[in-house]
Each structure stands twice: as structure tokens, then as C-alpha cells.
> 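After the C-alpha cells below, expect a handful of questions from me.
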Amino acid sequence: QVQLVESGGGLVQAGGSLRLSCVASGDRTFYTMGWFRQAPGKERTFVARSSWNGWTTYDTYYAASVKGRFTISRDNPKNMLFLQMNSLTPEDTAVYYCAAVGRPGSTYSTVADYDVWGQGTQVTVSS
């Protein structure tokens with residue numbers, strides 16, 4: 001059974017930083033892994049993705065709202081995904097989800113594209 005488990009969420013003041021982690025378990029190759037977030041009363045939206053071709057990470061992509069502040073990275077031998085979040089604002093408050101795609105390709109930016117999801121971790125940014 002494949003599982004994604006996030007950690008690293010919490011409460012931080014505006015301007016602060018957090019680093020989210022996601023570990024994937026199970027015998028499956030995930031070519032693209034990404035982060036989504038869902039604020040109260042809003043739809044789940046894309047944050048960032050990282051695509052791997054089996055040898056190297058060859059594509060990363062960010063939502064405009066986080067570009068320049070967030071950095072996605074992955075440790076493929078350990079099946080881990082990270083999201084470094086800097087210069088956080090109250091608008092970044094949401095539940096953050098790790099997600100993965102089990103097929104090759106890189107242009108995956110919608111909820112429907114992703115096959116496996118974690119349970120989410122809460123990020124709260126106070127003003």
C-alpha cells in the first residue's frame with residue numbers, strides 16, 4: 001500500500017519560515033511529486049511540483065503566488081519531498097497536501113492529475 005505522510009506544519013508569524021516534509025512509502029515510482037494547499041472554504045490549489053525522470057530532477061514549477069518564496073526539493077533515494085516556505089504571509093494559511101503521480105511526464109498541476117495524496121499538515125501564519 002502506497003502512503004504519503006506530511007510533517008512540518010505549524011504556527012508561524014508573518015515573515016517567518018517553515019519546511020514541510022513528505023515521505024512516500026510503498027513499492028511505486030513517483031515521477032512527479034507536488035504540493036497543494038487548501039484554505040478554509042476554498043478549493044484545493046496547486047503550489048509546486050518537482051518532476052524526475054529516473055535519473056535526475058528535470059523540472060520544477062511553482063504557482064505564481066509562491067514563486068520566489070517557496071522552494072520544492074526531493075530526495076529520491078529516500079522517497080522524500082520537501083517544501084521550504086519563506087516570507088510567509090497570512091494568505092499562506094492552509095492545509096498543505098503532498099501528492100504524487102505514478103506516470104512519466106511533468107505538466108501536472110491540477111488535483112485530478114495526482115494519484116496519491118497525503119493526509120495534510122496545517123500551516124497557520126499569524127499577522
Side-chain angles (χ1 to χ4, degrees):
Q1 183 178 1
V2 176
Q3 280 189 318
L4 302 178
V5 179
E6 304 96 334
S7 61
L11 174 65
V12 65
Q13 288 188 332
S17 299
L18 281 175
R19 187 186 191 219
L20 304 184
S21 300
C22 171
V23 58
S25 62
D27 186 18
R28 187 172 176 183
T29 299
F30 293 121
Y31 292 95
T32 293
M33 296 185 74
W35 291 96
F36 287 73
R37 66 186 181 185
Q38 188 167 17
K42 295 187 177 181
E43 294 184 349
R44 193 172 298 188
T45 59
F46 170 80
V47 174
R49 68 164 186 256
S50 175
S51 297
W52 180 62
N53 59 10
W55 296 275
T56 186
T57 297
Y58 70 94
D59 178 66
T60 57
Y61 185 74
Y62 299 90
S65 59
V66 307
K67 192 172 184 179
R69 300 188 297 122
F70 291 11
T71 302
I72 189 170
S73 60
R74 56 194 295 174
D75 183 338
N76 292 308
K78 296 182 179 179
N79 289 325
M80 294 192 71
L81 183 73
F82 305 98
L83 186 68
Q84 177 66 43
M85 305 186 295
N86 299 328
S87 303
L88 286 162
T89 73
E91 288 68 37
D92 296 315
T93 295
V95 176
Y96 283 71
Y97 296 89
C98 174
V101 180
R103 57 194 180 279
S106 62
T107 57
Y108 300 122
S109 300
T110 70
V111 171
D113 289 330
Y114 288 75
D115 306 314
V116 184
W117 292 84
Q119 82 289 348
T121 185
Q122 176 70 47
V123 171
T124 303
V125 185
S126 63
S127 58

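Hydrogens, waters and symmetry mates play no part in the numbers below; they use all other heavy atoms, side chains included. What you see is a predicted model; the values in this text were computed from it and never measured.
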> Could you list the residues that satisfy side chain to side chain donor-acceptor pair (under 3.5 Å) with T124, not counting sequence neighbours?
Q122
> May I ask you to test the S73-Q84 pair for a side-chain heavy-atom distance under 4.5 Å?
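Contact flag for S73/Q84 side chains = no.
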> For the OG atom of S21 and the CG atom of L81, what is their distance to the nearest 0.5 Å?
8.5 Å
> Hey, are the side chains of R103 and D115 touching, using non-hydrogen atoms and a 4.5 Å cut-off?
yes
> Between OG of S65 and CZ of F46, what distance do you get to the nearest 0.5 Å?
9.5 Å
> Group every Ile, Leu, Val, Met, Phe, Trp and Tyr by side-chain heavy-atom contacts under 4.5 Å, then state whether W35 and V95 land in the same group.
no
> Run the salt bridge (charged side-chain N to carboxylate O under 4.0 Å, His left out) test against R19 and tell me which residues pass, sequence neighbours left out.
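Testing R19 for salt bridge (charged side-chain N to carboxylate O under 4.0 Å, His left out), a comparison that skips the adjacent residues, returns none.
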> Name all pairs fulfilling the disulfide (SG to SG under 2.5 Å) condition that reach into residues 27-86, sequence neighbours left out, sorted by first residue then second.
none
> Are V12 and V66 co-members of a hydrophobic cluster defined by side-chain heavy atoms under 4.5 Å apart?
yes
> Checking Q3 now: which residues fulfil side chain to side chain donor-acceptor pair (under 3.5 Å) with it, not counting sequence neighbours?
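Checked Q3 against side chain to side chain donor-acceptor pair (under 3.5 Å); zero matches.
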> Which residue pairs satisfy the salt bridge (charged side-chain N to carboxylate O under 4.0 Å, His left out) criterion with at least one member in residues 64-76, sequence neighbours excluded?
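Listed once each, the pairs are R69-D92.
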> Which heavy atom of L4 sits nearest a heavy atom of V116, and at what distance?
CD1-O, 3.4 Å
> What is the minimum heavy-atom distance between Y114 and A100, and which atoms define it?
CD2-N, 3.5 Å
> Identify the heavy atoms of T93 and V125 that sit nearest to each other, and give their distance.
OG1-N, 2.9 Å
> Decide yes or no for W117 and R44: does some side-chain heavy atom of the first lie under 4.5 Å from some side-chain heavy atom of the second?
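Yes - at least one pair of side-chain heavy atoms lies under 4.5 Å apart.
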> Shortest non-hydrogen contact from V123 to L20?
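So the minimum-distance heavy-atom pair works out to CG2-CD2, 4.0 Å.
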> Name all pairs fulfilling the side chain to side chain donor-acceptor pair (under 3.5 Å) condition that reach into residues 6-17, sequence neighbours left out, sorted by first residue then second.
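Those involving residues 6-17 are E6-Q119, S17-N86.
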> Minimum heavy-atom separation for S127 to A14, with atom names?
CA-CB, 4.3 Å
> Which residue pairs pass the ring pair (Phe, Tyr, Trp, His ring centres under 6.0 Å) test when at least one of the two sits in residues 62-104, sequence neighbours left out?
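Every pair satisfying ring pair (Phe, Tyr, Trp, His ring centres under 6.0 Å) with a residue in residues 62-104: there are none.
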> Just jot down the side chain to side chain donor-acceptor pair (under 3.5 Å) partners of S109, sequence neighbours excluded, or say none.
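For S109, the residues satisfying side chain to side chain donor-acceptor pair (under 3.5 Å) (neighbours in sequence not counted) are R49.
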> Could you work out, with side chain to side chain contact (heavy atoms under 4.5 Å, CB included) as the rule, every residue matching T45, not counting sequence neighbours?
R37
> As an exercise, state the distance from OH of Y61 to OG1 of T107, rounded to the nearest 0.5 Å.
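Those atoms lie 10.5 Å apart.
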> Given a cutoff of under 4.5 Å between side-chain heavy atoms of I, L, V, M, F, W and Y, with clusters grown through shared members, what are the other residues clustered with Y31?
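Its cluster mates, by chain and number: none.
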> What residue pairs, at least two apart or across chains, pass disulfide (SG to SG under 2.5 Å) with a residue in residues 74-127?
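Those involving residues 74-127 are C22-C98.
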> I'd like to know if V101 and V47 are part of one continuous hydrophobic network [Ile/Leu/Val/Met/Phe/Trp/Tyr, side-chain heavy atoms within less than 4.5 Å].
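Hydrophobic grouping puts V47 apart from V101.
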> Could you give the distance from CG (L83) to OG1 (T121), rounded to the nearest 0.5 Å?
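Atom-to-atom, L83:CG and T121:OG1 are 11.0 Å apart.
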> For residues G102 and R28, report the shortest heavy-atom separation together with the two atoms involved.
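So the two residues come closest at CA-NH2, 3.8 Å.
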> Tell me every residue that passes side chain to side chain donor-acceptor pair (under 3.5 Å) with S51, counting only those two or more places apart in sequence or in another chain.
T32
> Do E43 and V111 have side-chain heavy atoms sitting under 4.5 Å apart?
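No, side chains not in contact.
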> Can you get from M80 to V5 by hopping between Ile, Leu, Val, Met, Phe, Trp and Tyr side chains that sit under 4.5 Å apart?
yes
